[in-house]
Amino acid sequence: MKTLIFYSSPNKNGNTYKLMNEFIKGLGKEAEILEVFKANIKPCIDCKYCYKLEACSIKDDMTEIYKKINDSDLIVIATPMYFASVPGPLKNLIDRLQVYWSKKYIREDRDDIRIKKGVSIITGGTYWEEMFKPIDETLKLAFGAMDAKIEGELRAINTDENPVEKDEEILKAAYSLGEKFR
Ligand SMILES: Cc1cc2nc3c(=O)[nH]c(=O)nc-3n(C[C@H](O)[C@H](O)[C@H](O)COP(=O)(O)O)c2cc1C
């Protein structure tokens with residue numbers, strides 16, 4: 001099973017990183033980590049090139065990322081919450097998934113669709129009721145575009161006061177979530 005992780009925090013050893021690491025330990029096998037903040041991913045410009053072809057007119061790191069997505073069996077999005085949503089570089093990546101959306105809904109081409117599994121790991125510094133609702137909706141559409149069925153979700157709250165390294169329970173939950181996909 002090929003695992004592709006979109007790691008979307010600028011912090012090398014922060015909350016999201018630690019949960020992702022526990023997840024990988026639980027998974028017990030190799031996973032490719034794509035550092036979204038380091039990738040060159042320009043925003044979608046709605047040029048509609050992908051209405052005609054299964055490709056994007058913008059040539060940047062997404063060219064390789066599309067191939068990695070197509071080849072994967074398990075896709076993990078590990079990200080902090082920024083203003084109730086995803087950080088900018090991850091939003092760029094998600095918008096560029098329009099290539100897959102256009103394939104299915106504009107060109108109505110359902111050939112070569114490979115069903116994958118999807119997992120999200122999200123950390124938030126604070127807590128309010130239904131705080132994950134907006135980001136969950138965005139990720140639901142992103143996983144849907146990649147034909148990944150969501151099979152696991154981990155949410156860490158209040159990381160400003162309670163960093164995950166001090167929270168045995170959330171670290172264990174991340175490990176167990178990884179084990180599910182061994
Ligand atoms: C630009 C920015 C926006 C943020 N917005 C939110 C937010 O809307 N809700 C929240 O709970 N935390 C918010 N946070 C806090 C982060 O989600 C939190 O600190 C997270 O655990 C950071 O993960 P990391 O250590 O992996 O980078 C924000 C942080 C930054 C830098």
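Read the numbers this way: they start at 1 and go in the same order the structure lists the ligands and their atoms.
Qualifying salt bridge (charged side-chain N to carboxylate O under 4.0 Å, His left out) partners for K180, counting only residues two or more places apart in sequence or in other chains: none.
Summarising the geometry, atom CG belonging to N15 is positioned 10.0 Å from atom CG belonging to D167; distances are rounded to the nearest 0.5 Å.
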(request) Might you work through the side chain to side chain donor-acceptor pair (under 3.5 Å) test for T123 and T159, ending with a clear yes or no? (result) CA-CA 7 Å; T123 65; T159 59; 5.1 Å; no
(request) Check the pair N162 / Y127 against side chain to side chain donor-acceptor pair (under 3.5 Å), numbers first and verdict last. (result) CA-CA 11 Å; N162 185 30; Y127 177 73; over 6 Å; no
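Of the possible polar contacts, none joining the R155 side chain to the F132 backbone as a donor-acceptor pair under 3.5 Å is found.
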Quick one: table the atom pairs, ligand 1 N or O against protein N or O, below 3.5 Å, distance rounded to 0.1 Å.
residue: ligand 1; atom: 5 (N); partner: M81; partner atom: O; Å: 3.4
residue: ligand 1; atom: 5 (N); partner: F83; partner atom: N; Å: 2.8
residue: ligand 1; atom: 8 (O); partner: F83; partner atom: N; Å: 3.1
residue: ligand 1; atom: 8 (O); partner: A84; partner atom: N; Å: 2.9
residue: ligand 1; atom: 11 (O); partner: G125; partner atom: N; Å: 3.1
residue: ligand 1; atom: 11 (O); partner: T126; partner atom: N; Å: 3.0
residue: ligand 1; atom: 11 (O); partner: T126; partner atom: OG1; Å: 3.0
residue: ligand 1; atom: 12 (N); partner: G125; partner atom: N; Å: 2.9
residue: ligand 1; atom: 14 (N); partner: M81; partner atom: O; Å: 3.3
residue: ligand 1; atom: 17 (O); partner: M81; partner atom: O; Å: 2.7
residue: ligand 1; atom: 17 (O); partner: T123; partner atom: O; Å: 3.4
residue: ligand 1; atom: 19 (O); partner: D160; partner atom: OD1; Å: 3.4
residue: ligand 1; atom: 21 (O); partner: N15; partner atom: ND2; Å: 3.2
residue: ligand 1; atom: 21 (O); partner: T123; partner atom: OG1; Å: 3.0
residue: ligand 1; atom: 21 (O); partner: T159; partner atom: OG1; Å: 2.7
residue: ligand 1; atom: 23 (O); partner: T123; partner atom: OG1; Å: 3.3
residue: ligand 1; atom: 25 (O); partner: N15; partner atom: N; Å: 2.9
residue: ligand 1; atom: 25 (O); partner: N15; partner atom: ND2; Å: 3.2
residue: ligand 1; atom: 26 (O); partner: S9; partner atom: OG; Å: 3.4
residue: ligand 1; atom: 26 (O); partner: N15; partner atom: N; Å: 3.4
residue: ligand 1; atom: 26 (O); partner: T16; partner atom: N; Å: 2.8
residue: ligand 1; atom: 26 (O); partner: T16; partner atom: OG1; Å: 2.6
residue: ligand 1; atom: 27 (O); partner: S9; partner atom: OG; Å: 2.7
residue: ligand 1; atom: 27 (O); partner: N11; partner atom: ND2; Å: 2.7

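A cation-pi contact links R110 to Y105, judged by a cut-off of 6.0 Å to the six-membered ring centre and 45° from its axis.
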